[in-house]
Amino acid sequence: MDKIREKIATIRAEADAANAKVEELEAKLKEIEQEHTQQEREIVSLNNKNKQLEEDLETAYDTIKDLKGNEAEDNDHKKENENSMRKIALLEEELEESDKALKETTANFREADVKAEQLEKKVEQLTSKLADEEKKNEDLEQKNKELSEQLEEINLQLDDM
């Protein structure tokens, strides 16, 4: 009986040791389950954070795309502005040349106008002189006719004599 009691005591000691081991393992299991739950929460949190970062990244890509589009538009506007400035410069040069040509043409026109006025005065003078000369010529022709008639009369009288 002592042996049985000894065996029972040994079995009890082994059972107590096994129970202690089970309790220890259950505690570890509980700790591991808590860690697992904590890790799952972290995974969910990290997934949410990852999703947010992906959305932020997509937003950043869209912003970059918009900025590149704006930059391209700005470059287009700059080119248009430069082209417009060149056109303005060319038009200003053309305007200056046109103003210069207009001044020259105006000066030439004034000179031509003055010459035309002078020529008109000369034409009037010559027309007046021509009219005077024609009048003199008519008078002379009249006198010549009268003198010719008188000469003929004298010739007839002389022939009659």
Side-chain angles (χ1 to χ4, degrees), residues 22-161:
V22 167
E23 286 177 8
E24 183 184 325
L25 289 175
E26 283 178 349
K28 274 190 179 181
L29 178 64
K30 197 173 196 180
E31 187 180 318
I32 289 173
E33 284 177 348
Q34 286 177 348
E35 285 178 13
H36 180 69
T37 303
Q38 181 65 28
Q39 287 175 350
E40 283 180 353
R41 286 183 192 143
E42 284 182 35
I43 288 172
V44 168
S45 174
L46 290 174
N47 281 338
N48 289 338
K49 190 172 184 179
N50 190 27
K51 185 177 180 182
Q52 183 64 39
L53 289 173
E54 285 176 354
E55 289 173 2
D56 290 347
L57 180 64
E58 187 65 33
T59 303
Y61 280 139
D62 290 342
T63 303
I64 289 170
K65 184 178 176 183
D66 290 343
L67 290 175
K68 284 184 179 180
N70 290 344
E71 181 182 10
E73 286 179 20
D74 286 346
N75 287 338
D76 290 344
H77 290 301
K78 284 180 184 177
K79 287 178 184 176
E80 284 180 31
N81 189 25
E82 289 171 1
N83 288 337
S84 296
M85 294 304 285
R86 279 190 224 114
K87 284 180 183 177
I88 288 171
L90 290 174
L91 290 173
E92 285 176 346
E93 288 176 20
E94 285 182 31
L95 179 63
E96 288 175 11
E97 290 174 9
S98 294
D99 283 344
K100 187 177 178 181
L102 177 63
K103 287 177 183 177
E104 289 176 13
T105 303
T106 303
N108 291 341
F109 175 75
R110 286 183 183 148
E111 288 176 18
D113 193 37
V114 168
K115 285 182 182 179
E117 286 177 13
Q118 291 172 349
L119 289 174
E120 285 176 5
K121 286 179 184 177
K122 212 169 203 179
V123 165
E124 287 177 16
Q125 290 172 351
L126 291 175
T127 303
S128 175
K129 193 174 182 179
L130 178 64
D132 290 344
E133 292 297 320
E134 284 178 350
K135 176 92 167 140
K136 283 182 187 177
N137 190 27
E138 286 176 10
D139 290 343
L140 287 175
E141 283 179 3
Q142 183 67 30
K143 280 186 182 180
N144 187 19
K145 187 177 177 184
E146 288 174 7
L147 288 174
S148 291
E149 287 175 4
Q150 285 177 0
L151 182 62
E152 217 173 286
E153 275 181 34
I154 292 176
N155 279 338
L156 278 176
Q157 287 175 357
L158 282 176
D159 280 343
D160 281 344
M161 273 204 208

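- Contact check for Q150 versus L147: side-chain heavy atoms found under the 4.5 Å cut-off.
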Contacts under 3.5 angstrom, residues 94-103 side chains, donor-acceptor by atom type, not counting sequence neighbours:
unit_1: S98; atom_1: OG; unit_2: E94; atom_2: O; d: 2.9

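- Interatomic distance, CD of E146 versus CD of E153, reported as 11.0 Å (0.5 Å rounding).
- A search for side-chain contact (heavy atoms from CB on, under 4.5 Å) contacts involving E152 returns nothing, not counting sequence neighbours.
- Taking NE2 of H36 as the start and CD1 of I43 as the end, the distance is 7.5 Å to the nearest 0.5 Å.
- Under the side-chain contact (heavy atoms from CB on, under 4.5 Å) criterion, T63 pairs with T59, L67, not counting sequence neighbours.
- Separating the CG atom in N137 from the CG atom in D132 is a distance of 12.5 Å, to the nearest 0.5 Å.
- Atoms CD and CD, on Q38 and E31 in that order, are 12.5 Å from each other to the nearest 0.5 Å.
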Listing, residues 72-93 side-chain donor-acceptor contacts under 3.5 Å, not counting sequence neighbours, or none:
unit_1: N75; atom_1: ND2; unit_2: E71; atom_2: O; d: 3.4
unit_1: N83; atom_1: OD1; unit_2: R86; atom_2: NH1; d: 2.7
unit_1: N83; atom_1: ND2; unit_2: K79; atom_2: O; d: 3.3
unit_1: S84; atom_1: OG; unit_2: E80; atom_2: O; d: 2.9

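- Applying the side-chain contact (heavy atoms from CB on, under 4.5 Å) criterion to Q52, with sequence neighbours excluded, gives E55, D56.
- To the nearest 0.5 Å, atoms NZ (K145) and CD (Q142) are separated by 6.0 Å.
- Between the CG atom of L53 and the NZ atom of K51 there is a distance of 12.5 Å, given to the nearest 0.5 Å.
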Exercise for the section: Could you please spell out the steps behind the side chain to side chain contact (heavy atoms under 4.5 Å, CB included) verdict for E26 and K30? Expected result: CA-CA 6 Å; E26 283 178 349; K30 197 173 196 180; over 6 Å; no
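- By the side-chain contact (heavy atoms from CB on, under 4.5 Å) test, S148 is found to be paired with N144, residues two or more places apart in sequence or in another chain being considered.
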